[in-house]
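Okay, structure first, notes after.
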Amino acid sequence: MLKIKRNDKCPCGSGKKYKKCCLADPDKNSEIIRARSIAHTYEELYQIIAKPMDVYRLKVELIRM
Ligand SMILES: [Zn+2]
């Protein structure tokens, strides 16, 4: 699992520190934790968070149709 330090830039792209952004928000933080369990690099983590799972699923369904 990828590690995010409390003082790292938040992966949601807000530009704030993680501890002052999503770490303090249980809803957003659960999304970050989910992304961390899938991602292998910080870039992957950023992409997973930037594209919420529901949007991704919708795109996959559209491609299949
Ligand atoms: Zn954030």
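When a ligand or atom number is given, it counts from 1 through the structure's own listing order.
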Carefully, step by step, assess Arg6 and Leu23 under the rule side chain to side chain contact (heavy atoms under 4.5 Å, CB included). CA-CA 8 Å; Arg6 294 166 56 84; Leu23 188 63; 3.3 Å; yes
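- One finds the NZ atom of Lys28 at 11.0 Å from the CD atom of Glu31 (value rounded to the nearest 0.5 Å).
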Could you tabulate the donor-acceptor pairs under 3.5 Å formed by side-chain atoms of residues 36-45, not counting sequence neighbours?
residue : atom : partner : partner atom : Å
Arg36   : NE   : Leu2    : O            : 2.8
Ser37   : OG   : Arg34   : O            : 2.6
Thr41   : OG1  : Glu44   : N            : 3.1
Tyr42   : OH   : Lys9    : O            : 2.6
Glu44   : OE1  : His40   : N            : 3.0

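- Asn29 pairs by the side-chain hydrogen bond (donor to acceptor under 3.5 Å, both in side chains) definition with Tyr18, not counting sequence neighbours.
- Among protein atoms, those of element N, O or S found less than 2.8 Å away from the Zn ion (ligand 1) are Cys10 SG, Cys12 SG, Cys21 SG, Cys22 SG.
- Rounding to the nearest 0.5 Å gives a distance of 8.5 Å between CD1 of Ile4 and SG of Cys22.
- Listed by chain and residue number, Asn7 satisfy the side-chain hydrogen bond (donor to acceptor under 3.5 Å, both in side chains) test with Lys19 (two or more places apart in sequence, or in another chain).
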